[in-house]
S.K.: 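Take a look at the following structure, please.
Just so we're on the same page: letters track the sequence lines, and every chain starts at 1.
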Amino acid sequence: MSILTWTWIIVGLSFMLYIGIAIWARAKTTGDFYVAAKQIHPVMNGMATGADWMSAASFISMAGLISFMGRDGAMYLMGWTGGYVLLAMLLAPYLRKYGKFTVPMFVGERYYSQTARVIAVICAIFVSFTYVAGQMRGVGVVFSRFLEVDINTGVIIGMAIVFLYAVMGGMKGITYTQVAQYCVLIMAYMIPAIFVSIMLTNNPIPQLGYGSTLSENGMKLLGTDGGYLLSKLDVIQKDLGFPAYTGRGAKSMIDVFAITFALMVGTAGLPHIIIRFFTTPTIKGARASAGWALFFIAILYTAAPAVASFARLNLVKTVHNQSYTEAPSWFKNWEKTGLVAWKDKNGDGKMQLAKGNAFKGKVAFDKTTTGQYGEKVVTTPIDDKSTNELYVDNDIIVLASPEIAKLPAWVVALVAAGGLAAALSTAAGLLLVIASAFSHDLLKSIIIKDATEKQELLWARFAAGGAVIVAGYFGINPPGFVAQVVAFAFGLAASSFFPVIVLGIFWKRATKEGAMSGMLSGIAFTAAYIIYFKFINPSANVAANWWFGISPEGIGTIGMLINFAVMIVVSKLTPEPPAEVQRMVESLRYPREIA
Amino acid sequence: MSQKRDLKEYWKRNLRYVAILLAIWFAVSYGAGIMFADALDSIKLAGFPLGFWFANQGSEIIFVLLIVVYVKLMNNLDHEFDVHEK
């Protein structure tokens, strides 16, 4: 059977499973809808959180990024896992003890201020929409390559599925679907990794395989002599003019430090992750959930660097110095999607990889003609500073690696289903945050205060439905700045929510004036820095112009420090919070109610 | 009154646990994985340069273990001070 048939079968089955779960887990109350009635077992919650967290970026893009960045790429691995330690120890148990539905609600009550709550709502909605747009693009990419439908049709199918289970099931439907999606995505990630690991090193555990020596078969496939896989990769990289794969990369240490920190703190400040810890039955369960979540995430995250180095080896060996006419079929398949491109700079008919960019700017094609060898003609000007002839988008590394390694068609199909599971599960979690921020924090508490539970539930469903449509719109008409705004989402979460929630829990003296001025100055600083370098003056976005050598991706770290500093100073200068708020903060510290 | 002193002690112990665990959290990722990675790379663990390994896998594995230890410590502490959920 062909890849296409297999993909329709596997993706179809997985979608049927999600819909079945959605029908079974319909939400009946607002408690069901917002926090799954707080009845989710910690192991299940851990899996669901894992799927919620691992987005199209983790599943599709991350290994590709690492494969191009070498050791610098590890900042994503550490940054997107380290936040769970902060969540487990500084946030989850206390927010669970607080026991309500949303993050803005906590901010509003802790800081005895509706204004603070509204600021938090706006941040939550902005951060979540930014993220959703990226997921929908991921859905589109998978559909267009593997199911050979139009990207827009792909996005609409994805929207319809999410709509069904997010609107019907709320948090309850989403959580159980995410458990299934975790299983699909982890199998889809691990099976090809295991295959390739055995192929190259005879070690069935990819996490260890990439630190092993090449097997006979691996040497034959790569056409090299024996030795450790990573040392071979270092040599190959250096031969092509790249820095050693395992050594220091292009980024400065302070920037790697700041980006890692912003990602960790940003993770701990993302509303769709925090909200997961409201769904466990007990405080003990909330602590354990964070551990289970990180355990399930770490399975994929420790395999990602293995996938990255296998893919890098296979990529270099299958395309570098190959003539285009004999290019492997995966190359031509992906060329159709515009995610790989080749321009014969030196006119030898062969594809050469080298340091630097093949083209100046975003790759575009002339749709009417093909080149001398049948390749697609790139209209983007070439970058003549580099002899590199190949553009390979980071996003295809994971999706194409089973094809590159010539694995069976069903494995390729499984990866497609996994990519969809990762994107859809994250999208659903985000949509729920948007829906609850809208219906619970804006409508119910500020606009229609006397809404009944039934009305509120209806509004929550409407809000989720509306959010799906907006997200779909962004998927079909992706704003050119999706990649840029991801830095924004993390920077904003790091510089707004994290300090306010942590001080809100650990420092009774934190006042509403402190919280509001801290949040606003943290966001204003971070947003101004990112907007300046990403949108107003992108040509100035080089290390020499950055403050302290920190790139816009890492500036959330400084924004967070500013937020903490402002909040502490202003809180000291303003009257202390009312006694009942201080009592509430005190009570968060003890799992049991103390009289 | 003694219960109040107990609660203070409970909170202090909690903060101490968190401080120690977060110090390890910082040391393995920012220390071994970033600041001292180059120096550690001269040591090899099978095919892995050690600094590279900490950044790619070591930190993540230790993060999971840190949470496991935290959960155990806190559950015991809750019982010791009789503030656990019933």
S.K.: Given the ring of A:Phe277, does A:Arg287 sit roughly above its face, with NZ or CZ under 6.0 Å from the centre of the six-membered ring and within 45° of the axis?
M.R.: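 Because its charged atom misses either the 6.0 Å distance or the 45° angle limit, A:Arg287 does not stack over A:Phe277.
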
S.K.: Between A:Phe296 and chain B, which part of the residue has a heavy atom less than 4.5 Å away: side chain, backbone, both or neither?
M.R.: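 The answer is neither part of A:Phe296.
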
S.K.: Assess whether a salt bridge exists between B:Glu85 and A:Lys284, defined as any Lys/Arg side-chain N lying under 4.0 Å from an Asp/Glu carboxylate O.
M.R.: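 A:Lys284 and B:Glu85: not salt-bridged.
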
S.K.: Determine, step by step, whether A:Val307 and A:Tyr189 satisfy the side chain to side chain contact (heavy atoms under 4.5 Å, CB included) criterion, reporting the C-alpha distance in whole Å, the side-chain angles of both residues, the deciding distance to 0.1 Å, and the verdict.
M.R.: CA-CA 9 Å; A:Val307 171; A:Tyr189 207 83; 3.9 Å; yes

S.K.: With a 4.5 angstrom heavy-atom cut-off, could you sort out which part of B:Ser29 is near chain A: side chain, backbone, both or neither?
M.R.: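 Contact with chain A involves both backbone and side-chain atoms of B:Ser29.
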
S.K.: For a quick test of your reading: what N or O donor-acceptor pairs under 3.5 Å do the side chains of residues 86-99 of chain A make, sequence neighbours left out?
M.R.:
residue	atom	partner	partner atom	Å
A:Tyr94	OH	B:Asn14	ND2	2.8
A:Arg96	NE	A:Thr280	O	2.6
A:Arg96	NH2	A:Thr280	O	3.3
A:Arg96	NH2	A:Pro281	O	2.9
A:Lys97	NZ	A:Ser587	O	2.7
A:Lys97	NZ	A:Tyr590	O	2.6
A:Tyr98	OH	A:Met105	O	3.3
A:Tyr98	OH	A:Glu109	OE1	3.2

S.K.: Do A:Tyr245 and A:Ser67 meet the criterion of a side-chain donor-acceptor pair at a distance under 3.5 Å?
M.R.: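 A:Ser67 and A:Tyr245 do not have a side-chain donor-acceptor pair below 3.5 Å.
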
S.K.: Side chain, backbone, both or neither: which part of A:Leu294 has a heavy atom under 4.5 Å from chain B?
M.R.: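 Looking at A:Leu294, backbone and side chain both touch chain B.
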
S.K.: Of the listed residues (B:Val64, B:Val71, B:Ile62, B:Ile61), which shares the most heavy-atom pairs with chain A below a 4.5 Å separation?
M.R.: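 When all of B:Val64, B:Val71, B:Ile62, B:Ile61 are compared, B:Val64 has the most.
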
S.K.: For A:Gln207, is it the side chain, the backbone, both, or neither that has a heavy atom closer than 4.5 Å to a heavy atom of chain B?
M.R.: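 Looking at A:Gln207, backbone and side chain both touch chain B.
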
S.K.: For A:Met264, is it the side chain, the backbone, both or neither that has a heavy atom under 4.5 Å from a heavy atom of chain B?
M.R.: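 Contact with chain B is through the side chain of A:Met264 alone.
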
S.K.: Please walk me through it: do A:Phe506 and B:Trp11 pass ring pair (Phe, Tyr, Trp, His ring centres under 6.0 Å)?
M.R.: CA-CA 10 Å; A:Phe506 287 85; B:Trp11 186 242; 5.5 Å; yes

S.K.: Whether the A:Gln237 and A:Arg312 side chains hold a donor-acceptor pair (N or O, under 3.5 Å, no angle test) is what I'd like checked.
M.R.: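 Checked: A:Gln237/A:Arg312 side chains pair up, N/O donor to acceptor below 3.5 Å.
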
S.K.: What distance separates A:Ile40 CD1 from A:Phe278 CZ, expressed to the nearest 0.5 Å?
M.R.: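 If I round to the nearest 0.5 Å, the distance is 15.0 Å.
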
S.K.: Considering heavy atoms only, which positions within residues 72-81 of chain B lie below 4.5 Å of chain A?
M.R.: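 So the qualifying residues are B:Met74, B:Asn75, B:Asp78.
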
S.K.: Tell me, for A:Ser231 versus chain B, whether the close heavy atoms (under 4.5 Å) come from the side chain, the backbone, both or neither.
M.R.: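 It is neither, since no heavy atom gets under 4.5 Å.
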
S.K.: Please classify the contact of B:Tyr10 with chain A as side chain, backbone, both or neither, using a heavy-atom distance under 4.5 Å.
M.R.: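 The side chain, not the backbone.
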
S.K.: Taking ring pair (Phe, Tyr, Trp, His ring centres under 6.0 Å) as the test, write out the residues that go with A:Tyr210, two or more places apart.
M.R.: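 In terms of ring pair (Phe, Tyr, Trp, His ring centres under 6.0 Å), with neighbours along the sequence ignored, A:Tyr210 is linked to B:Phe48.
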
S.K.: Any side-chain donor paired with an acceptor under 3.5 Å for A:Asn45 and A:Thr279?
M.R.: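 The answer is yes; a qualifying pair exists.
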
S.K.: Please tabulate, for side-chain N and O atoms in residues 248-262 of chain A, each donor-acceptor pair with protein atoms closer than 3.5 Å (sequence neighbours left out).
M.R.:
residue	atom	partner	partner atom	Å
A:Arg248	NE	B:Asp38	OD2	3.2
A:Arg248	NH2	B:Asp38	OD2	2.6
A:Ser252	OG	A:Asp255	N	3.3
A:Asp255	OD1	A:Ser551	N	2.9
A:Asp255	OD1	A:Ser551	OG	2.8
A:Asp255	OD2	A:Ser551	OG	3.1
A:Thr260	OG1	A:Val256	O	2.6

S.K.: Chain A: which of B:Tyr17, B:Trp53, B:Tyr30 shares the most heavy-atom pairs with it under 4.5 Å?
M.R.: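 Most heavy-atom pairs under 4.5 Å with chain A: B:Tyr30.
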
S.K.: So which part of B:Leu15 gets closer than 4.5 Å to some heavy atom of chain A, the side chain, the backbone, both or neither?
M.R.: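 Side chain only.
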
